[in-house]
Amino acid sequence: MNASSRIAVVGATGAVGRVTLALLRERGFSDVHALASERSAGLTIDGLDVEEATPERLAGGDFDVCLFSVDAAASRELVPATAAAGALCVDKSAAFRLEDGVPLVVPEVNAERALEHRGIVANPNCSSIPLALVLAPLRDAAGLARVRVSTYQSASGAGAQALERLRAERPDDHDLRMDWSFDGFELDEEQKIRAETRKILELPELPLSATCVRVPVPVGHAEAVWIETEDALSAEQAERILGAAEGIRLVQFPSPAQATGGDDVLVGRVRQDTVAERGLALFLACDNLRKGAALNAIQIAELVTAARAAA
Ligand SMILES: NC(=O)c1ccc[n+]([C@@H]2O[C@H](COP(=O)([O-])OP(=O)(O)OC[C@H]3O[C@@H](n4cnc5c(N)ncnc54)[C@H](OP(=O)(O)O)[C@@H]3O)[C@@H](O)[C@H]2O)c1
């Protein structure tokens with residue numbers, strides 16, 4: 001994207017949309033338009049008048065880049081028409097993530113896939129992004145045999161209303177039941193992490209099991225990760241590799257509070273997992289609204305438009 005790009009933020013009133021507007025402002029973009037549902041039409045957010053997002057408005061040729069942070073049903077209704085009209089669409093919902101022909105991108109891991117887009121690039125789930133970012137350099141160094149992950153996901157990961165509920169209630173009154181659907185075996189969030197991580201890392205058979213829980217934290221997802229590599233890799237080697245990887249910052253004890261407001265995935269407690277043959281364990285924390293959503297999507301749009309301009 002360049003300074004003259006016409007950018008639509010669709011879902012601008014939501015948890016991710018608000019952060020997207022703030023990041024675009026920080027980066028100096030000025031031709032930015034805020035769109036949301038008809039409920040918000042006429043409101044002002046971040047100094048912008050909110051318009052209703054309709055397929056006609058989005059496909060009218062007024063936008064070069066559209067950053068969608070709406071639910072999957074709204075994305076399915078709005079994104080295809082917008083892409084067909086020629087705008088680059090980066091979609092943060094689950095609607096297109098696993099679709100063939102739609103790249104699922106973490107720029108530090110698979111930027112080249114974004115360039116294969118046919119109008120739509122999908123942004124992974126807010127837990128898949130930091131996990132893929134950490135696994136990719138270890139895959140490159142020693143191969144991945146097996147991954148287990150336990151997530152501790154903040155209230156804002158469930159949207160602006162969940163965050164407001166957490167802030168309005170005393171933390172110990174907060175209802176921590178998962179709001180995701182359950183197939184009797186796994187939550188759909190757990191299936192998403194496996195399927196998305198396999199697609200991003202291009203390891204379609206990677207054994208990966210996840211347990212996802214919501215915790216009464218406003219912003220910042222944390223993950224405990226156990227990794228078995230194909231080749232031997234010491235904790236010291238793994239730490240060195242992760243410390244040199246783009247988008248990762250090593251800290252002693254990563255926490256959601258420390259990650260909030262920052263761009264990096266914080267990684268720490270890298271150690272040998274002594275109960276596995278070639279096992280490593282580590283802990284990570286990431287701002288789910290920034291690198292887990294808004295920042296990753298802006299980085300995708302920037303890399304695709306920079307490649308287009310250079311061609
Ligand atoms: N929160 C995260 O950490 C995170 C991370 C990665 C991906 N995501 C994904 O990003 C998307 C948005 O998440 P969020 O947390 O920002 O949700 P949110 O806070 O609930 O915001 C939803 C946004 O979508 C808008 N919207 C709803 N229905 C719409 C429609 N039919 N047409 C146009 N706009 C509509 C809402 O507008 P109104 O205010 O007018 O209702 C609001 O702006 C979801 O798909 C989510 O899975 C979220």
Heavy atoms of other groups near E26 CD, more than 12 under 6.0 Å: yes
Criterion side-chain hydrogen bond (donor to acceptor under 3.5 Å, both in side chains) on N288 and Q153, from CA distance to verdict: CA-CA 8 Å; N288 52 290; Q153 299 181 213; over 6 Å; no
Non-hydrogen atoms of E108 and E246 that approach each other most closely: CG-O, 3.7 Å
Taking every non-hydrogen atom, the tightest pair across V16 and A293: CG1-CB, 3.7 Å
Minimum side-chain heavy-atom gap F68-K92 below 4.5 Å: no
Residue pair P124 / I200, side-chain heavy-atom distance below 4.5 Å: yes
Between CZ on residue R27 and CD on residue Q299, distance to nearest 0.5 Å: 6.0 Å
Heavy-atom donor-acceptor pair, N125 side chain to S127 backbone, under 3.5 Å: yes
Shared hydrophobic cluster for L24 and I45 (ILVMFWY, side-chain gaps under 4.5 Å): yes
Interatomic distance, D46 atom CG to R25 atom CZ [nearest 0.5 angstrom]: 4.0 Å
Minimum-distance pair of heavy atoms, taken over all atoms of A162 and A155: CB-O, 3.5 Å
Same apolar cluster: V90 and I120, side chain cutoff 4.5 Å: no
Under 3.5 Å: donor-acceptor pair, side chain of R97, backbone of A122: no
Minimum heavy-atom distance V219-T260, with the two atoms named: O-OG1, 3.2 Å
Partner residues of H33 under the ring-ring contact (aromatic ring centres under 6.0 Å, His included) criterion, sequence neighbours left out: F63
Side-chain (H221) to main-chain (S154) donor-acceptor, under 3.5 angstrom: yes
Nearest atoms (heavy-atom pairs only) where S128 meets E196: OG-OE1, 3.0 Å
Hphob cluster co-occupancy, V134 + L208, side-chain heavy atoms under 4.5 angstrom: yes
E190 side chain near T211 side chain, heavy-atom distance below 4.5 Å: yes
Side chains of L303 and L115 in contact at under 4.5 Å (non-hydrogen atoms): yes
Side-chain donor/acceptor of D287 to backbone N/O of L289, under 3.5 Å: yes
Chi angles and distances behind the side-chain contact (heavy atoms from CB on, under 4.5 Å) call for R214, E189: CA-CA 11 Å; R214 183 82 63 206; E189 187 82 357; 6.0 Å; no
Any pair counted as salt bridge (Lys or Arg N to Asp or Glu O under 4.0 Å), so long as it reaches residues 127-154, sequence neighbours left out: R146-E228, R148-E228
Flag side-chain contact, heavy atom, 4.5 Å: Y152 against P256: no
Straight-line distance of F29 CZ to E302 CD, nearest 0.5 Å: 5.0 Å
Pairwise side-chain contact, P218 with R167, heavy-atom cut-off 4.5 Å (strictly under): yes
V106 with V265, same ILVMFWY side-chain cluster at under 4.5 Å: yes
Heavy atoms of other groups near Q161 CD, more than 12 under 6.0 Å: no
Under 3.5 Å donor-acceptor, E38 side chain and E52 backbone: no
side-chain contact (heavy atoms from CB on, under 4.5 Å) assessment of V105 paired with N296: CA-CA 8 Å; V105 175; N296 197 70; 5.7 Å; no
From L144 atom CG to D231 atom CG, the distance as rounded to the nearest 0.5 Å: 10.5 Å
Within one Ile-Leu-Val-Met-Phe-Trp-Tyr cluster: V109 and I300, side-chain cutoff 4.5 Å: no
Test side-chain contact (heavy atoms from CB on, under 4.5 Å) applied to V79 and L58, step by step: CA-CA 9 Å; V79 172; L58 288 163; over 6 Å; no
Option among N123, I7, T20 that satisfies the side chain to side chain contact (heavy atoms under 4.5 Å, CB included) test with I298: T20
Check against side-chain contact (heavy atoms from CB on, under 4.5 Å), I241 and L233: CA-CA 10 Å; I241 289 163; L233 194 67; 4.0 Å; yes
Closest non-hydrogen atom pair between R278 and E230, with its separation: NE-O, 2.8 Å
Side chain proximity check, L21 to L48, heavy atoms < 4.5 angstrom: yes
Gap separating the CG atom of L98 from the NZ atom of K199, nearest 0.5 angstrom: 6.0 Å
Side-chain heavy atoms of L282 within contact of L280, under 4.5 Å: no
Ionic contact status for D263 with K291, cut-off 4.0 Å: no
Rounded distance (nearest 0.5 Å) linking atom CG of L104 with atom CG of D91: 10.5 Å
L284 backbone acceptor or donor facing E223 side chain under 3.5 Å: no
S40 side-chain N/O to L43 backbone N/O, donor-acceptor pair under 3.5 Å: no
Expected output: side-chain N110 to main-chain R113 donor-acceptor under 3.5 Å: no
Within 6.0 angstrom of R269 CZ, more than 12 heavy atoms from elsewhere: no
